[in-house]
Student: 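Got a structure here, written out as structure tokens. Questions coming.
Please read all numbers here as calculations on a predicted model, not as lab measurements. All values below were derived from every heavy atom in this structure, side-chain atoms included, with hydrogens, water molecules and symmetry-related copies excluded.
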Amino acid sequence: MHIALFGATGHIGHAILAEALARGHDVTAIVRDPGRLDTRHDKLHVVTGDVADPQTWLAAVRGSDAVVASLSARRDGNPDSLPGNARILLDQLSAAGVPRLVWVGGAGSLETAPGVRVLDDPNFPAAWKLEAEAQGRALETFRASASPLAWTYISPAALIEDGERTGHYRIGGDQLLADASGVSRISVADYAAALLDRVEKGDATRRRITVAY
């Protein structure tokens, strides 16, 4: 497959890039700073671009089987950038003939009880709240869109951290998933594997899912 990836220099984005290349996919990484990537892989093509400026990347994504977006409002310092960039991708990718978009979402909008979100917990870390709220607005943007694009919004577990790639995970919907001990977690490597599985299988379209152990 030919996959275009936004955010390949970020922590999760870099894991997605490594997983996609390990599976033999051709990847076009659209980044603002190409110097942060090792460009020696023969299946990696690097394009200088900014998701907020479609003219810098539209030509590069045409013909892609899927686009993956791993974006962060913290990097931009602007929480409105996430829903704004979601709108840009929904509009522009459809017009460019790209059939599929997979979005690296947040866990804050997952429910711990009916109508109660993870980020509604008074103990939710203040440092992550703006990002979580922005990701929630991005999800609302996807759900409200009339774009024919086959999108998938993938929320991680409450805790996503470095760790081994086991290839095992569970898939849920809008509710937070936890293990038998009540811990909600997944490794970055297994999150990347779950995301690429969705890209390859073409499933879970036009909805939010979550992955966790």
Side-chain angles (χ1 to χ4, degrees), residues 1-49 51 57-72 85-86 89-90 92-94 96-107 142 149-157 159-173 177 185-213:
M1 297 180 73
H2 186 182
I3 298 168
L5 172 62
F6 290 93
T9 58
H11 192 48
I12 295 176
H14 196 266
I16 293 168
L17 173 62
E19 180 74 19
L21 292 174
R23 295 183 184 211
H25 297 302
D26 288 293
V27 180
T28 297
I30 301 154
V31 296
R32 286 181 285 195
D33 182 3
R36 296 177 62 190
L37 286 179
D38 182 347
T39 60
R40 290 174 294 179
H41 199 290
D42 61 358
K43 286 188 172 289
L44 173 61
H45 317 278
V46 180
V47 172
T48 303
V51 65
W57 52 261
L58 265 176
V61 305
R62 286 193 176 99
S64 298
D65 297 298
V67 167
V68 176
S70 179
L71 307 173
S72 170
N85 288 334
L89 290 172
L90 285 164
Q92 298 294 330
L93 294 181
S94 178
V98 177
R100 186 93 161 93
L101 169 63
V102 180
W103 180 274
V104 175
F142 281 108
L149 196 66
W151 58 267
T152 303
Y153 181 110
I154 306 183
S155 291
L159 182 61
I160 179 168
E161 58 188 356
D162 291 334
E164 67 175 323
R165 183 194 185 285
T166 68
H168 300 291
Y169 56 85
R170 291 186 295 152
I171 296 177
L177 290 180
R185 65 173 294 271
I186 194 163
S187 72
V188 173
D190 277 329
Y191 177 90
L195 184 146
L196 264 297
D197 286 347
R198 309 283 70 72
V199 172
E200 292 176 351
K201 294 178 181 179
D203 59 6
T205 58
R206 301 191 67 79
R207 65 189 181 100
R208 187 260 290 279
I209 62 170
T210 184
V211 292
Y213 294 132

Student: Could you give the distance from CD1 (I209) to CD1 (I154), rounded to the nearest 0.5 Å?
Tutor: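 Rounded to the nearest 0.5 Å, the CD1-CD1 separation comes out at 4.5 Å.
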Student: Go through the structure and list residues passing salt bridge (charged side-chain N to carboxylate O under 4.0 Å, His left out) with R23, not counting sequence neighbours.
Tutor: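 Salt bridge (charged side-chain N to carboxylate O under 4.0 Å, His left out) list for R23, sorted by chain: E19, D197, E200.
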Student: How would you list, by chain and number, every residue that makes a side-chain hydrogen bond (donor to acceptor under 3.5 Å, both in side chains) with D42, sequence neighbours excluded?
Tutor: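 Partners of D42 by the side-chain hydrogen bond (donor to acceptor under 3.5 Å, both in side chains) criterion come out as none, since no residue qualifies.
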Student: Can you name the side-chain contact (heavy atoms from CB on, under 4.5 Å) partners of L177, sequence neighbours left out?
Tutor: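 Testing L177 for side-chain contact (heavy atoms from CB on, under 4.5 Å), a comparison that skips the adjacent residues, returns R170, T210, A212.
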Student: Could I get the full list of salt bridge (charged side-chain N to carboxylate O under 4.0 Å, His left out) partners for D38, not counting sequence neighbours?
Tutor: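 Residues passing salt bridge (charged side-chain N to carboxylate O under 4.0 Å, His left out) with D38: R40.
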Student: List the steps, then state whether side-chain contact (heavy atoms from CB on, under 4.5 Å) holds for V98 with Q92.
Tutor: CA-CA 9 Å; V98 177; Q92 298 294 330; over 6 Å; no
Student: Just verifying a value: how many Å separate H14 NE2 and S70 OG, rounded to the nearest 0.5 Å?
Tutor: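 Between atom NE2 of H14 and atom OG of S70 there are 11.5 Å.
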Student: Taking atom NE2 as the centre, does H25 end up with more than 12 heavy-atom neighbours from other residues, nucleotides or ligands that are less than 6.0 angstrom away?
Tutor: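 Buried by this count: over 12 neighbours within 6.0 Å.
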Student: Could you measure the distance from the CZ atom of F142 to the CG atom of L89? Nearest 0.5 Å is fine.
Tutor: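 The distance works out to 7.0 Å.
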Student: Which value, rounded to the nearest 0.5 Å, describes the distance between T205 atom OG1 and L149 atom CG?
Tutor: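 Answer rounded to 0.5 Å: 10.0 Å.
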Student: Closest heavy-atom contact between L5 and G13?
Tutor: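 Shortest heavy-atom contact: CD2-O, 3.7 Å.
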Student: Mind checking side-chain contact (heavy atoms from CB on, under 4.5 Å) for D33 and listing every partner two or more places apart, or none if nothing turns up?
Tutor: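 Per chain and number, D33 pairs via side-chain contact (heavy atoms from CB on, under 4.5 Å) with R36.
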Student: In chain order, what residues pass the salt bridge (charged side-chain N to carboxylate O under 4.0 Å, His left out) check against R198, with sequence neighbours excluded?
Tutor: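 Scan of R198 (salt bridge (charged side-chain N to carboxylate O under 4.0 Å, His left out), adjacent residues dropped) gives D203.
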Student: What pair of heavy atoms forms the shortest contact from G163 to A189, and how long is it?
Tutor: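 G163 and A189 have their closest heavy atoms at O-CB, 4.0 Å.
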Student: Check whether any side-chain heavy atom of I16 sits under 4.5 Å from a side-chain heavy atom of V104, and report yes or no.
Tutor: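 Yes; the side chains approach each other to less than 4.5 Å.
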Student: Measure from the side-chain N and O atoms of Y153 to the backbone N and O of G106, and report whether any donor-acceptor pair falls under 3.5 Å.
Tutor: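 Side chain of Y153 to backbone of G106: a pair is present.
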Student: Taking ring-ring contact (aromatic ring centres under 6.0 Å, His included) as the definition, give me every residue that meets it alongside F6, ordered by chain and number, with sequence neighbours left out.
Tutor: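 Per chain and number, F6 pairs via ring-ring contact (aromatic ring centres under 6.0 Å, His included) with W57.
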Student: Report the residues that fulfil side-chain hydrogen bond (donor to acceptor under 3.5 Å, both in side chains) with S94, sequence neighbours left out, ordered by chain and then residue number.
Tutor: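 For S94, no residue satisfies side-chain hydrogen bond (donor to acceptor under 3.5 Å, both in side chains) once neighbours in sequence are set aside.
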Student: Considering residues at least two apart in sequence or located in another chain, which fulfil the salt bridge (charged side-chain N to carboxylate O under 4.0 Å, His left out) criterion with D26?
Tutor: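 In terms of salt bridge (charged side-chain N to carboxylate O under 4.0 Å, His left out), with neighbours along the sequence ignored, D26 is linked to K43.
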Student: Looking only at heavy atoms, which two atoms of A8 and A29 are closest? And how far apart?
Tutor: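 Closest approach of A8 to A29, heavy atoms only: CB-CB, 3.9 Å.
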Student: Name all residues meeting the side-chain contact (heavy atoms from CB on, under 4.5 Å) criterion together with T48; count only those two or more places apart in sequence or in a different chain, and write none if there are none.
Tutor: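 For T48, the residues satisfying side-chain contact (heavy atoms from CB on, under 4.5 Å) (neighbours in sequence not counted) are P34.
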Student: If only atom types and distance count, is the side chain of T152 paired as donor or acceptor with the main-chain N or O of A204 below 3.5 Å?
Tutor: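 Here the side-chain-to-backbone pair exists.
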Student: Using atom types as modelled and distance alone, determine if a side-chain donor or acceptor of D65 lies under 3.5 Å from a backbone N or O of I3.
Tutor: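 No, because the side chain of D65 does not come within donor-acceptor range (under 3.5 Å) of the backbone of I3.
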Student: To the nearest 0.5 Å, what is the distance between CZ (R165) and OG (S187)?
Tutor: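 Between R165 CZ and S187 OG, I get 9.0 Å after rounding to 0.5 Å.
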Student: Tell me, with the steps shown, if T9 and L37 meet side-chain contact (heavy atoms from CB on, under 4.5 Å).
Tutor: CA-CA 7 Å; T9 58; L37 286 179; 3.8 Å; yes
Student: In chain order, what residues pass the side-chain contact (heavy atoms from CB on, under 4.5 Å) check against A15, with sequence neighbours excluded?
Tutor: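 Result, side-chain contact (heavy atoms from CB on, under 4.5 Å) vs A15: V188, A192.
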Student: Say you draw a straight line from CG of L90 to CH2 of W103; how long is it, rounded to the nearest 0.5 Å?
Tutor: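 The CH2 atom of W103 is 8.5 Å from CG of L90, to the nearest 0.5 Å.
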Student: So do the side chains of L17 and L44 get within less than 4.5 Å of each other, counting heavy atoms only?
Tutor: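 Side-chain contact under 4.5 Å: yes.
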Student: If you take all heavy atoms of H2 and G63, which pair is closest and at what distance?
Tutor: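 Reported closest heavy-atom pair: ND1-O, 4.3 Å.
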Student: Donor-acceptor pair, distance only, cut-off 3.5 Å: does the side chain of Y191 make one with the backbone of A157?
Tutor: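 No; judged by distance alone, with no hydrogens or angles, the pair does not exist.
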Student: Please list, chain by chain and in numerical order, all residues satisfying side-chain hydrogen bond (donor to acceptor under 3.5 Å, both in side chains) with T166, sequence neighbours excluded.
Tutor: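 By the side-chain hydrogen bond (donor to acceptor under 3.5 Å, both in side chains) rule, T166 matches D190.
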